Structures are given as C-alpha cells and as structure tokens.
J.: 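One structure coming up, written as structure tokens, with questions to follow.
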Amino acid sequence: MEGKRSKKRKRAKRLKFQNEKDDSAAVEEIDERKEEEESAACAFAKRPKSQGLSKSSTFLEKMRARLSGGHFRMINEKLYTCTGKEALEYFKEDPELFNVYHAGYQEQMSHWPEKPVNIIIKWLKDHSPSLVVADFGCGDAQLAKNVKNKVFSFDLVANDPSVIACDMSKTPLDSSVVDVAVFCLSLMGTNLASYLKEAHRVLKSRGWLLIAEVRSRFDPNTGGADPKTFSKAVCELGFTSIFKDFSNKMFILLYFKKKDKQTSKKTKEIEWPELKPCLYKRR
Ligand code: SAH
C-alpha cells in the first residue's frame, strides 16, 4: 500500500516537473517537503527530529519558523513593490529586517539546484582577474569572496565590512570605472531601470552587464515580461545583447556589453516591460 509520505513526494515531484517554468511551483514543492520534515521556513530554526524534542518544543519551533517565513515573505514583497530609496529607508529604520530577509532568502536558495551567483563566479574565473567588478545588490557578498577580481559590492545594508551600503541607483563610483556590472537576482525595485542606468554610467565602454533573474518574471505565459522586450529596452539604454541562456529552470541569464558610442536614450523615453514581483507562496 502506498504511504501518505510517498504520495506527497510523488505529488511534489509532479509539481516540480510539470511546472518547470514556474518558480512559485518549485517553492510549493519545497514547502511540502519541509512540512513532512516538520521543519522550518528558515534555516536557522531547523533541527533534526532525532534530538528527541518534546512535542511542545517542536510545536514552538514550528510556529517560530512559520513566523520567520511569513516575515521573510513580507519583506520580500516590500522590496519588489517599492523604490530603492524607500527600501533603503525601510532597512535604515530596522536593519534587523535585513537579516530576517537574508535568512529566508538563503533558505529558498538552498533548494535551488544551481545558484546563479555561482554561474557568475565561474564566468569571472574564466575571464581576466584584472577586470574590475561592481556587484549591484550583493547580499552577503558571495561574489567578492570567491573571485580574485577587485569587486565593489553594493547593497541596502552592509552586513559585511566589504559591502558599501547604498541605494544602487546612486552608487559612490565615478563614471566609466568598472569592467563588469552584475545584477544577480537583484532587480527588485519598481525603479529598476534606474539601476541599469547607473550600471551604464559606471561601466567602461565595452564593459559587461551580467543579469541573472528569476525565470517566472520573464514568462509571458504567466504574466511575466517578454525577455525580448526587456532586452530591447536594455539595448536602448546603450548596450548590445551578447548572450541569453534560458536553460535553467529557476533563472535566466542575459549578458550585454556597453556600446562604444553614446547612443543611449533616456530611461523615461524607453518602454520598460513590467517585471512582476517574485513572491514566495505560503502553503
Ligand atoms: N546577489 C546576491 C543577493 C541577491 S538578493 C545573490 O545572488 O546571492 C537581492 C539583493 O538585492 C538583496 O540583498 C537586496 O537588499 C538587494 N537590493 C535590492 N534593491 C536594492 C537597491 N535599490 N540597492 C541596493 N541593493 C538592493
């Protein structure tokens, strides 16, 4: 006879493979497995069953984890639906929220078969270490920690001394000083065009713009943006599209190079497609 657990696993598998394009489905799959483990929405609240916890402490842990998970989802939604300036103020008022966000983010990432930041790290390792890099929305600065290059790491809160805290639409860098600008799952604000504009400003001509974004945000079948329209808008800012990779189930990669000549339009004159927020569902 088929057990409840194996049925659940099968359903989770089905969800995963039927909805390859839908990251929220993948999140749902993760949630189900976690429920089985009586585990948590947050990695730090996880503890193996074998420690013989009493029923009540397991229950408390579960509740605490659910609260943290809910908190993460709330902060995540906030970041996708406000401007960078508002997000900066939000975290300034309570920097602890940034840690809650990142604990939840790391938990979600731990279930992705491949992390986009590792693809970008590999790309940098395959190129000259003399390339100067700007990591826009660096999180815990994994990029800087794993390459030999000089990396300027920017985020709303500096949770590492190497990180420069700022709204990335206004970095403290001079113009034309970096060879590579990276946005790894960080095009979150409603003013994301101004982040790309800033990357264009700080990049040297023929410098690289590397974007990794959540796949569902670029799936027109589920209300996402058309990647072609997005690419076109980025090109109008003064870039040439060099490489696109849609092979990963969770994220897409779009690589551009800054044009030699100043042919860029103003961001307001460009028609930017709306990138829908990447919201994580609660079961
Ligand atoms: N690039 C990292 C972290 C991705 S999470 C990685 O791949 O692991 C997205 C990050 O972008 C968050 O840390 C968030 O705080 C940051 N971010 C979002 N909007 C920002 C803004 N306007 N300015 C600076 N950082 C921003």
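Counting convention: from 1, in listed order, for ligands and their atoms alike. Please read all numbers here as calculations on a predicted model, not as lab measurements.
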J.: Taking only heavy atoms of Tyr195 into account, list the atoms of ligand 1 that are under 4.0 Å away from them.
T.: 22 (N)
J.: For His102 and ligand 1, answer yes if some heavy atom of the residue is under 4.0 Å from a ligand atom, otherwise no.
T.: yes
J.: Look only at the side chain of Arg217 and the backbone of Glu274, and say whether a donor-acceptor pair between them is shorter than 3.5 Å.
T.: no
J.: Under a 4.0 Å threshold between the charged nitrogen and the carboxylate oxygen, would Asp126 count as salt-bridged to Lys122?
T.: yes
J.: May I ask you to check if ligand 1 and Cys184 share an N or O to N or O distance below 3.5 Å?
T.: yes
J.: What atoms of ligand 1 come closer than 4.0 angstrom to any heavy atom of Gly139?
T.: 3 (C), 13 (O)
J.: Tell me the protein heavy atom at minimum distance from atom 8 (O) of ligand 1, and give that distance in Å.
T.: Tyr105 OH, 3.3 Å
J.: Does at least one non-hydrogen atom of Gln142 fall below 4.0 angstrom from an atom of ligand 1?
T.: no
J.: Which ligand 1 atoms are under 4.0 Å away from a heavy-atom of Cys166?
T.: 23 (N), 24 (C)
J.: Measuring from the heavy atoms of Gly189, does anything fall under 4.0 Å of ligand 1?
T.: no
J.: Would you kindly specify which portion of Met188 sits under 4.0 Å from ligand 1, judged on non-hydrogen atoms: side chain, backbone, both or neither?
T.: side chain
J.: Is there a donor-acceptor pair closer than 3.5 Å between any side-chain N or O of Asn191 and the backbone N or O of Thr83?
T.: no
J.: Within less than 4.0 angstrom of ligand 1, does Phe136 place any heavy atom?
T.: no
J.: Does any N or O atom in Asp167 lie less than 3.5 angstrom from one in ligand 1, N or O only?
T.: yes
J.: Below 4.0 angstrom from a heavy atom of Met168, which ligand 1 atoms are there? Numbered from 1 as shown, please.
T.: 19 (N), 20 (C), 21 (C), 22 (N), 23 (N), 24 (C), 25 (N), 26 (C)
J.: Can you find an N or O of Asp155 that's nearer than 3.5 Å to an N or O of ligand 1?
T.: yes
J.: Say whether Val117, considering both its backbone and side-chain N or O atoms, lies within less than 3.5 Å of an N or O atom on ligand 1.
T.: no
J.: For Phe72, does its backbone N or O pair with a side-chain atom of Asn76 as donor and acceptor, under 3.5 Å?
T.: no
J.: Under 4.0 Å between a Lys/Arg side-chain N and an Asp/Glu carboxylate O for Lys204 and Asp179?
T.: yes
J.: Would Asn146 and Gln142 count as a side chain to side chain donor-acceptor pair (under 3.5 Å) if you check the C-alpha gap in whole Å, the side-chain angles of each, and the deciding distance to 0.1 Å?
T.: CA-CA 6 Å; Asn146 285 284; Gln142 277 308 306; 3.2 Å; yes
J.: Specify whether Trp112 and Phe251 have parallel, tilted or perpendicular ring planes, treating 30° as the upper limit for parallel and 60° as the lower limit for perpendicular.
T.: parallel
J.: Quick one: are Asp140 and Tyr105 in side-chain contact, heavy atoms under 4.5 Å?
T.: no
J.: Using distance alone, determine whether Asp135 and ligand 1 share an N or O pair under 3.5 Å.
T.: no
J.: Select one of side chain, backbone, both or neither to describe which atoms of Cys138 lie under 4.0 Å from any atom of ligand 1, heavy atoms only.
T.: backbone
J.: Report the part of Ser169 (side chain from C-beta onward, or backbone N, CA, C, O) that has a heavy atom under 4.0 Å from ligand 1; answer both or neither where that applies.
T.: neither
J.: Students often mix this up, so state it plainly: with edges at 30° and 60°, are the rings of Tyr195 and Phe183 parallel, tilted or perpendicular?
T.: parallel
J.: Using a strict 4.0 Å threshold on nitrogen-to-oxygen distance, state whether Glu236 and Lys232 make a salt bridge.
T.: yes
J.: So if I count the atoms of ligand 1 from 1 in the order they appear, which ones are less than 4.0 Å from some heavy atom of Leu185?
T.: 9 (C)
J.: In terms of the angle between their ring planes, are Phe152 and Phe154 parallel, tilted or perpendicular, with boundaries placed at 30° and 60°?
T.: parallel
J.: Which ligand 1 atoms does Gly84 reach within 4.0 Å, using its non-hydrogen atoms?
T.: 22 (N)
J.: Has Lys257 got its NZ or CZ under 6.0 Å from the middle of the six-membered ring of Phe239, at an angle within 45 degrees of the ring axis?
T.: no
J.: For atom 2 (C) of ligand 1, which candidate among Cys82, Gly137, Ser153 provides the closest heavy atom?
T.: Gly137
J.: Contact between Phe98 and ligand 1, counting heavy atoms under 4.0 Å?
T.: yes
